[in-house]
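Quick notes on the structure that follows.
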Amino acid sequence: ENGIIIASEYKSIFKILQIKRKVNLSALSYFMNFKMSPFLTNEETFYEEIKSVKPGVVLKYNINTNKLSQKFKLEKNNNPSLSSANIYNNLKEDIFNSIKHRLVSDVKIGTFLSGGIDSSLIASISNKINRDISYYCSFDTNRKQHDKDDLYYARELAKNLKLNLNEIPIKYDYKNYIEVLEKLSYQFEIPVNYAATPFPSYFILNKMKKDGIKVVLDGIGADEIMGFYPNYLSLAISNFRNSFFKNAIYYFYNHFKNS
């Protein structure tokens, strides 16, 4: 009572409090309309009375006064004197060093490889640093031989870089999806697009575990530093079609500002 609980999983909080979950209907409505999690824009979560800590925020809790305060720690680093060449070289060095640090391990390392820009970049750099890495790509068992899917591009990259590519077949049917969904929803505890990434990742990670992989690299989330997802643009178009012109202008502005 009159305290604070900090946890990385919702189930831990409900276990401690011994209470039933209450869905935050406004957060759920936001997700259903915009396909975005509310905690990306504010502190709300999908459960009532549980708040999330936004990226870059530091929480301070005073145990004597029972007061909670927060401070945004990240600062903008706008250096107009940097040329495009300097920005490119700095980014290249940062990405290389980031991957290098994560390859420091005395156990087996595995990497997701979809053939996209993010995972291909990680694969090409990690391969220069450590040749003893296993790469994994999933594919639909119903794919045609000449389909230009993830497996097609992953094979092309593996061939050019001489990578050890493990191909994971997945049967995309209703029964298989429901069985896996029950396991994933228990871990995630919130609505997400399970079919996009979590579903195939489940099978890849299972194979990695069987292969003795202990450290895993992937490119999920790399898009944020290169630009922005088209969420704002889709929201702008949606509002424009419904004659919400003020909102449409806002989302158009944010899309191009973050692109």
Side-chain angles (χ1 to χ4, degrees), residues 6 8 37 39-40 52-60 70-138 150-151 153-168 192 196-198 200-202 204-205 207-209 211-231 254-259:
I6 299 175
S8 59
S37 298
F39 45 79
L40 293 177
S52 64
V53 183
K54 294 179 67 176
V57 171
V58 176
L59 290 181
K60 290 185 178 181
Q70 56 180 302
K71 177 182 178 183
F72 189 73
K73 196 172 184 180
L74 295 181
E75 297 179 359
K76 291 185 177 180
N77 184 19
N78 297 322
N79 190 343
S81 63
L82 284 177
S83 64
S84 297
N86 286 333
I87 294 174
Y88 168 79
N89 290 327
N90 288 345
L91 179 61
K92 183 178 179 181
E93 183 179 356
D94 287 343
I95 293 175
F96 182 89
N97 289 333
S98 177
I99 295 173
K100 183 180 179 180
H101 291 325
R102 284 156 180 79
L103 292 178
V104 177
S105 174
D106 57 357
V107 294
K108 296 179 68 175
I109 303 173
T111 299
F112 282 71
L113 182 58
S114 66
I117 295 175
D118 308 321
S119 64
S120 296
L121 179 62
I122 293 173
S124 61
I125 294 176
S126 61
N127 188 52
K128 294 177 182 177
I129 301 171
N130 185 348
R131 297 285 299 178
D132 190 25
I133 296 178
S134 297
Y135 300 86
Y136 294 78
C137 180
S138 65
D150 287 357
L151 182 60
Y153 292 105
R155 282 175 174 175
E156 287 292 306
L157 187 70
K159 179 181 177 181
N160 292 327
L161 298 181
K162 295 180 174 59
L163 306 177
N164 174 26
L165 181 63
N166 296 271
E167 302 175 1
I168 316 300
V192 297
T197 301
S201 295
Y202 171 84
I204 294 176
L205 291 170
K207 181 63 167 66
M208 286 181 168
K209 182 180 180 181
D211 293 346
I213 302 295
K214 300 295 184 182
V215 176
V216 179
L217 277 69
D218 67 52
I220 298 174
D223 308 70
E224 280 83 347
I225 65 170
M226 296 300 179
F228 205 75
Y229 296 109
N231 293 341
N254 278 280
H255 171 73
F256 291 109
K257 182 183 72 172
N258 290 287
S259 298

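Keep in mind that this is a model prediction, so the values were computed, not measured.
- Between Ile213 and Gly110, the closest heavy-atom pair is CG2-N, 3.4 Å.
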- [ ] Carefully, step by step, assess Cys137 and Tyr153 under the rule side-chain contact (heavy atoms from CB on, under 4.5 Å).
- [x] CA-CA 10 Å; Cys137 180; Tyr153 292 105; over 6 Å; no
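- With sequence neighbours excluded, the residues that form a salt bridge (Lys or Arg N to Asp or Glu O under 4.0 Å) with Asp211 are Lys207.
- The nearest pair of heavy atoms linking Arg131 to Lys162 is NH2-O, 3.6 Å.
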TODO: Check the pair Phe96 / Ile129 against side-chain contact (heavy atoms from CB on, under 4.5 Å), numbers first and verdict last.
DONE: CA-CA 9 Å; Phe96 182 89; Ile129 301 171; 4.0 Å; yes
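- Under a 3.5 Å cut-off, the side chain of Asn89 and the backbone N or O of Ala85 do form a donor-acceptor pair.
- For the side-chain contact (heavy atoms from CB on, under 4.5 Å) with Ile109, the lone residue among Val216, Val215, Val104 that qualifies is Val215.
- For the atom pair Lys128 NZ and Leu103 CG, the distance stands at 13.0 Å (nearest 0.5 Å).
- Residue Asn127 holds its CG atom at 10.5 Å from CG of Asn164, rounded to the nearest 0.5 Å.
- Between the side chains of Tyr135 and Ser119, no donor-acceptor pair is found at a separation under 3.5 Å.
- Not a single donor-acceptor pair under 3.5 Å links the side chain of Thr111 to the backbone N or O of Ala123.
- When each of Leu157, Asp150, Asp218 is tested with Leu113 by the rule side-chain contact (heavy atoms from CB on, under 4.5 Å), just one qualifies, namely Leu157.
- By the 6.0 Å contact criterion, CG on Asp132 is open, its count of non-hydrogen atoms from other residues, nucleotides or ligands being 12 or less.
- In terms of the side chain to side chain contact (heavy atoms under 4.5 Å, CB included) criterion, residue partners of Tyr88 (sequence neighbours excluded) are, by chain and number, Lys92.
- For the atom pair CD1 of Ile87 and CG of Leu91, the computed distance is 9.5 Å after rounding to the nearest 0.5 Å.
- Smallest separation of non-hydrogen atoms from Ser138 and Pro200: OG-CB, 3.5 Å.
- Remark: Ser124 pairs with Leu121, Leu161 by the side chain to side chain contact (heavy atoms under 4.5 Å, CB included) rule, at least two apart or across chains.
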